[in-house]
Visitor: 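Structure provided below as structure tokens; questions to follow.
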Amino acid sequence: MGRSESDRNSDLARKLLAGPRRIVIFVKLARWLGALGFLVACSSAGSSSQSTPGDGGSDVVTPGDDSGVLDSGSSDGAGSKDSARPVDAPADAEGPITTHPTNILNNGGFELGAMCYGQYEWGSNPSNVGTGYAFSLSTTDVHSGTYAAQIACVNASDCGFPAKAALQVSPSLHTPHSQAYKVSAYTKCPTGDLAYFYTPNAAAGTTIPNFTCNGAWAANEFTFTSTATDDYIYYALYYAGKGTFLIDDVVITYGNGSVPPQTIKHPGSRATSVTSDAYLVDGKPYLPLGFYQIPAEQLSAAKAMGVNAVAWGDPGCFNTDAPVYADVAYEAGIGLIPESSTTARMGVASVFPGIMKQLGSHLADIAWYLDDEPDITNIVYQPITPTTLGAETQAIQGASKLPVGVMLQHAHYDPPSVDQPYQADMDLYLSEPYGPTWDGITHSMTVFATMTKRPVWFAMDDGPGAAGIVPKAYYGFIAGGTGLLFFTWSQFQTDSTLMAAGQAITELSSLTDAITGNDVTSTVTAPTGIAFIARKSGGKTYILAVNTGSSSVTGNFSLASLTAGQSVTVQFESRTITAAAGAFSDTFPAMSRHVYVVN
């Protein structure tokens, strides 16, 4: 998520220098929302399936089996399986599903591509993003199943330690304190090469056991214990050699071999659809308003400020002692937008039907974030061609009704020709006009106006500062956007701008009916320098207006229906304006917003 490519590269270099850390923000190279993961066995309450050794489900998934592998539609003791559903659950909601997995990882065998992993690369000069390695899925050399993860040296001059690449689990795993873990994996790499497991969250300190590299598939097994204070752990699978590293069938259990049982309370699917300028959930217009990466324990607080969507939310990729993230979000009334960039970059479209079946079948899901910045060409493992992205979108659409969104990084500053080739590869356009200025919003809408008309969602950062966040958020909708996601929850907390972002969301969520009402902008004129839209809803006319300039503006709004002496409410400001016949006047400080309501 970058302000510009040059700024982005500076951020990448700084964060690469810092080395691996507990997942926070990596300018989105590390994929936080690899999937909305919640269990291999959750997709169908009445079917049986065989899981590969590295996957999180039990070896056999059979409803009603005495082994207790999967309990479909289990009751809460109050009667039928429906008793656990919210009263307003969609008709296609399924009953709760309980599983007894044998792996904490739901994608340990990489049968779901690189879901639940982010990708990192360091160059020979650790201050540079690496150019030596490529990430992919092997289909010809696997330990079991159909796929194995592969990291290959493609530029020998930038391979070999200190140059290295890693698949890092994303997000972190919830853990009990002082919990013993057992890890096993199969690896294949040239004899003498360097590959290793890494976690900084072990009680004994940073743990870095080497993987076996002997030219053949080799078994690896080791243990560690979490600290007495960490609530989350993360690990990474590193390769620092000059050949090709394959890894498959990664299994993590508690030290005694057990894995916590899991219950998914709200499997199912929502009715989602997209028109040329609107996004609908359960048949109603839906303006996603939220953040990237809201921790599960803070979803309720986010909902209190009006949040209704979370992108890259802490997914249930794992079978841990924590509640399933999707359930927590759904019960808070927040929609989830899972993300699959690391997998999308591997270019294997055939993996996506399985992903959607196993990780995209929850009532919390409202859209699918296929890839982040496929149009970035200066990072060796990041770009995706329009042809490859289109094949992946078609694979998703063939298996799921979730609308597909793609973040087009160049849309907010480059000519339309850069992103036009991607226009057929998504249902939703995403753009990230970061920084203190607003011209990236205008530029994005100019670019998208040359492409197939689709809803536009904006990602915004804390660049405008506390004073500018609210009016810039309004300008996104005034310019034609239909969604807003702040990047990220933790970043806004860190620099004390969460209150401002919360204000924007609280206000805009209360205006959803107005924003999606009948467009009557043509009946209103505004002072020079003021951007605005006018909508009619519930018998009232709403005017959302923003001063985009750096100087104060005073002027008249004209609306023919106004009568002399009529009161115009200035919403959120506890004041009214007395209109003249057909007009009213107001003053805008620099970079500010007003919302007018005319009965």
Side-chain angles (χ1 to χ4, degrees), residues 20 40 50-57 59 102-122 130 132-169 181-199 207-224 235-253 255 257 342-343 345-348 350-351 354 380-381:
V40 170
Q50 185 77 24
S51 65
T52 59
D55 292 336
D59 290 340
T102 57
N103 190 351
I104 287 175
L105 308 179
N106 281 322
N107 189 29
F110 301 99
E111 295 305 294
L112 304 179
M115 298 301 291
C116 310
Y117 286 91
Q119 56 197 130
Y120 288 77
E121 186 174 349
W122 290 259
Y133 296 97
F135 298 81
S136 61
L137 290 177
S138 172
T139 58
T140 58
D141 193 352
V142 302
H143 179 257
S144 73
T146 304
Y147 306 105
Q150 177 173 288
I151 303 175
C153 173
V154 294
N155 175 14
S157 65
D158 212 14
C159 293
F161 193 84
K164 54 189 180 292
L167 287 170
Q168 179 171 292
V169 71
Y181 288 94
K182 181 188 298 182
V183 181
S184 64
Y186 284 85
T187 56
K188 183 178 180 181
C189 34
T191 301
D193 256 2
L194 176 61
Y196 54 95
F197 179 94
Y198 171 97
T199 180
T207 298
I208 313 177
N210 285 350
F211 288 123
T212 299
C213 287
N214 62 10
W217 281 104
N220 302 264
E221 186 170 310
F222 42 87
T223 62
F224 70 93
Y235 67 87
L237 311 170
Y238 275 88
Y239 181 54
K242 294 191 174 183
T244 297
F245 172 64
L246 293 163
I247 186 164
D248 204 354
D249 297 334
V250 182
V251 176
I252 299 180
T253 66
T342 307
T343 298
R345 292 168 188 162
M346 293 182 171
V348 183
S350 59
V351 79
V380 66
Y381 55 76

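Sequence positions, counted from 1, serve as the residue numbers for this chain. Just so it is clear, the structure is predicted and the values come from calculations on it, not from any experiment.
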Visitor: Side-chain contact test, heavy atoms from C-beta onward, threshold under 4.5 Å: evaluate it for Phe245 versus Phe211 and give yes or no.
Guide: yes

Visitor: Rounded at 0.5 Å granularity, tell me how far CD in Gln119 sits from CG in Leu237.
Guide: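 Gln119 CD to Leu237 CG: 13.0 Å, rounded to 0.5 Å.
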
Visitor: Using the side chain to side chain donor-acceptor pair (under 3.5 Å) criterion, which residues pair with Ser350? Sequence neighbours excluded.
Guide: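 Side chain to side chain donor-acceptor pair (under 3.5 Å) list for Ser350, sorted by chain: Tyr147.
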
Visitor: So do Tyr239 and Thr244 actually touch side chain to side chain, heavy atoms under 4.5 Å?
Guide: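 When only atoms from C-beta onward are counted, Tyr239 and Thr244 do not touch, as no gap falls below 4.5 Å.
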
Visitor: State which residues pass side chain to side chain donor-acceptor pair (under 3.5 Å) with Asn214; sequence neighbours excluded, sorted by chain then number.
Guide: none

Visitor: Is there a side chain to side chain donor-acceptor pair (under 3.5 Å) between Tyr117 and Asn107? Walk through the geometry before answering.
Guide: CA-CA 9 Å; Tyr117 286 91; Asn107 189 29; over 6 Å; no

Visitor: Taking Tyr186's backbone N and O only, do any of them form a donor-acceptor pair with Asp248's side chain (distance below 3.5 Å, no angle check)?
Guide: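 It does not hold such a pair.
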
Visitor: So which of Val250, Asp249, Val183, Val251 actually passes side chain to side chain contact (heavy atoms under 4.5 Å, CB included) with Leu105?
Guide: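 That would be Val250.
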
Visitor: Measure the shortest side-chain to side-chain distance between Thr342 and Leu167 over non-hydrogen atoms and say whether it is less than 4.5 angstrom.
Guide: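 Result yes, sub-4.5 Å side-chain heavy-atom pair found.
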
Visitor: Output the distance between atom NZ (Lys182) and atom OG1 (Thr223), rounded to the nearest 0.5 Å.
Guide: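 Reported to 0.5 Å precision, the distance equals 9.0 Å.
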
Visitor: Would a distance-only check, ignoring hydrogens and angles, find a side-chain to backbone donor-acceptor pair under 3.5 Å from Glu111 to Thr146?
Guide: yes

Visitor: Could you check if a side-chain atom of Ile252 sits within less than 4.5 angstrom of a side-chain atom of Tyr181, using non-hydrogen atoms only?
Guide: yes

Visitor: Taking atom OH as the centre, does Tyr235 end up with more than 12 heavy-atom neighbours from other residues, nucleotides or ligands that are less than 6.0 angstrom away?
Guide: yes

Visitor: Do the side chain of Thr253 and the main chain of Asn103 share a donor and acceptor less than 3.5 angstrom apart?
Guide: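 No, the answer is negative, given that no donor and acceptor are paired below the 3.5 Å cut-off.
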
Visitor: So do Phe110 and His143 actually touch side chain to side chain, heavy atoms under 4.5 Å?
Guide: no

Visitor: Is it the case that the side chain of Thr187 and the backbone of Thr212 share a donor-acceptor pair, with hydrogens and angles ignored and the cut-off at 3.5 Å?
Guide: yes

Visitor: Which value, rounded to the nearest 0.5 Å, describes the distance between Phe222 atom CZ and Asn210 atom CG?
Guide: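 Atom-to-atom, Phe222:CZ and Asn210:CG are 9.5 Å apart.
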
Visitor: Taking the side chain as everything from C-beta on, heavy atoms only, tell me whether Tyr238 gets closer than 4.5 Å to Trp122.
Guide: yes

Visitor: Hey, is the main chain of Lys188 close enough, under 3.5 Å, to the side chain of Asp193 for a donor-acceptor pair?
Guide: no

Visitor: Nearest 0.5 angstrom please: Lys164 NZ to Cys153 SG, how far?
Guide: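 One gets 14.5 Å once the value is rounded to the nearest 0.5 Å.
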
